[in-house]
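Structure record follows, encoded as structure tokens.
Computed over heavy atoms, backbone and side chain alike; hydrogens, waters and symmetry mates excluded.
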Amino acid sequence: MKLPLSYYSNQDVLFLAQDLLGKVLFTNINGEITAGIIVETEAYFGIQDKASHAYGGRRTHRTETLYAHGGVSYVYLCYGIHHLFNVVTSVKDEPHAVLVRAIEPLIGKEIMEKRRQMPVSRTAISSGPGSLAKALGINQAFNKKDLIGNEIWIEDHGIAYNPDEIAAGPRIGVAYAEEDAHLPWRFFVKGNKYVSKPNKV
DNA sequence: GACACGATCGGCT
DNA sequence: GCCGATCGTGTCG
């Protein structure tokens with residue numbers, strides 16, 4: 001059920017970004033368990049990707065997490081307000097990562113409603129990277145957490161999509177990445193109502 | 001030490 | 001569709 005460490009060692013981050021669609025992301029905060037099906041991701045291709053925090057081999061206190069062995073979380077604060085959750089992949093010193101952009105609520109829906117102050121019937125509850133992080137209670141304390149531990153982890157529930165059920169398009173909010181801005185490295189489940197920008201392909 | 005800006009969201013027009 | 005919120009980070013001095 002719980003994805004093993006070996007899953008995250010895969011050096012093909014474009015494959016993993018697509019393979020993570022359908023997997024179930026869990027958090028357990030003081031016994032409050034919440035989980036959702038991953039329906040939208042983006043791949044960040046290490047040191048050669050101008051949109052990545054690790055572009056050019058940049059190595060700072062913040063980005064150090066990206067250089068860890070695959071299988072840990074990379075959480076950072078964006079726009080001073082939102083926490084964004086990434087899955088660090090590949091091997092040590094190869095800073096590939098997958099940003100999770102949307103989930104479909106599955107377990108602990110009442111807890112998510114309390115955290116988001118809105119009914120689970122609203123898709124905005126977990127649509128978009130900042131929103132899903134808040135719904136799952138992910139904050140800075142989750143940075144560099146082991147994804148095979150018991151605070152945050154990902155399970156395989158046997159949900160898988162065929163290639164024709166997945167759409168690929170340019171990543172969101174990376175205009176600064178120049179020629180890398182238009183690479184089709186954002187993946188989402190076609191027709192899923194939790195996808196944050198379903199029209200942009 | 002100072003400053004410009006972001007892998008966004010939600011409210012208002 | 002537009003705009004303000006809000007603060008850690010990185011870069012420069």
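With a heavy-atom cut-off of 4.0 Å to chain A, the contacted part of DNA chain B has its first and last nucleotide at B:dG6 to B:dG10.
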* Base-contact (B) and sugar-phosphate-only (S) positions in nucleotides 1-13 of chain C, heavy-atom cut-off under 4.0 Å, - elsewhere -> ----BBBSSSS--
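A:S196 has its side chain within reach of A:R186: a pair of non-hydrogen atoms, C-beta onward, lies under 4.5 Å apart. Annotation: side chain of A:K200 is not in contact with side chain of A:P170 (no heavy-atom distance under 4.5 Å). In this structure the side chain of A:T63 never reaches within 4.5 angstrom of the side chain of A:P95, judged on heavy atoms. A:L21 is not listed as a side-chain neighbour of A:E165, based on a closest heavy-atom distance of 4.5 Å or more. Taking 4.5 Å as the limit, every side-chain heavy atom of A:L3 sits out of range of all side-chain heavy atoms of A:L147.
Here salt bridge (charged side-chain N to carboxylate O under 4.0 Å, His left out) pairs that include residues 42-58 of chain A, with residues two or more places apart or in two chains, are A:E42-A:R101, A:D49-A:R171, A:K50-A:E178, A:K50-A:E179.
The number of heavy atoms from other shown groups lying within 6.0 Å of NZ (A:K145) does not exceed 12.
Annotation: side chain to side chain donor-acceptor pair (under 3.5 Å) contacts of A:E113 (sequence neighbours excluded): none. For A:E155, the salt bridge (charged side-chain N to carboxylate O under 4.0 Å, His left out) criterion is met by no residue, not counting sequence neighbours. Scored by the salt bridge (charged side-chain N to carboxylate O under 4.0 Å, His left out) test, A:K134 finds no partners at all (sequence neighbours excluded). For A:S126, the side chain to side chain donor-acceptor pair (under 3.5 Å) test picks out no residue, with sequence neighbours left out. In this view, A:K197 satisfies the salt bridge (charged side-chain N to carboxylate O under 4.0 Å, His left out) rule with no residue, not counting sequence neighbours.
Near DNA chain C, meaning a heavy atom under 4.0 Å from it, residues 191-201 of chain A has no residue at all. Residues of residues 96-128 of chain A that place a heavy atom closer than 4.0 Å to DNA chain C do not occur.
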Listed pairs under 3.5 Å, donor-acceptor, residues 77-88 of chain A side chains, sequence neighbours left out:
from: A:N86; atom 1: ND2; to: A:Y74; atom 2: O; distance (Å): 3.3

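Residue A:F26 is tested with A:I107, A:I152, A:I154 for a side chain to side chain contact (heavy atoms under 4.5 Å, CB included); the sole match is A:I107.
A donor-acceptor pair shorter than 3.5 Å cannot be found between the side chains of A:Y55 and A:D180.
Base pairing in DNA chain C yields stems of at least 3 consecutive Watson-Crick or G-U pairs, both distances under 3.5 Å, namely B:1-6 with C:7-12, B:8-12 with C:1-5.
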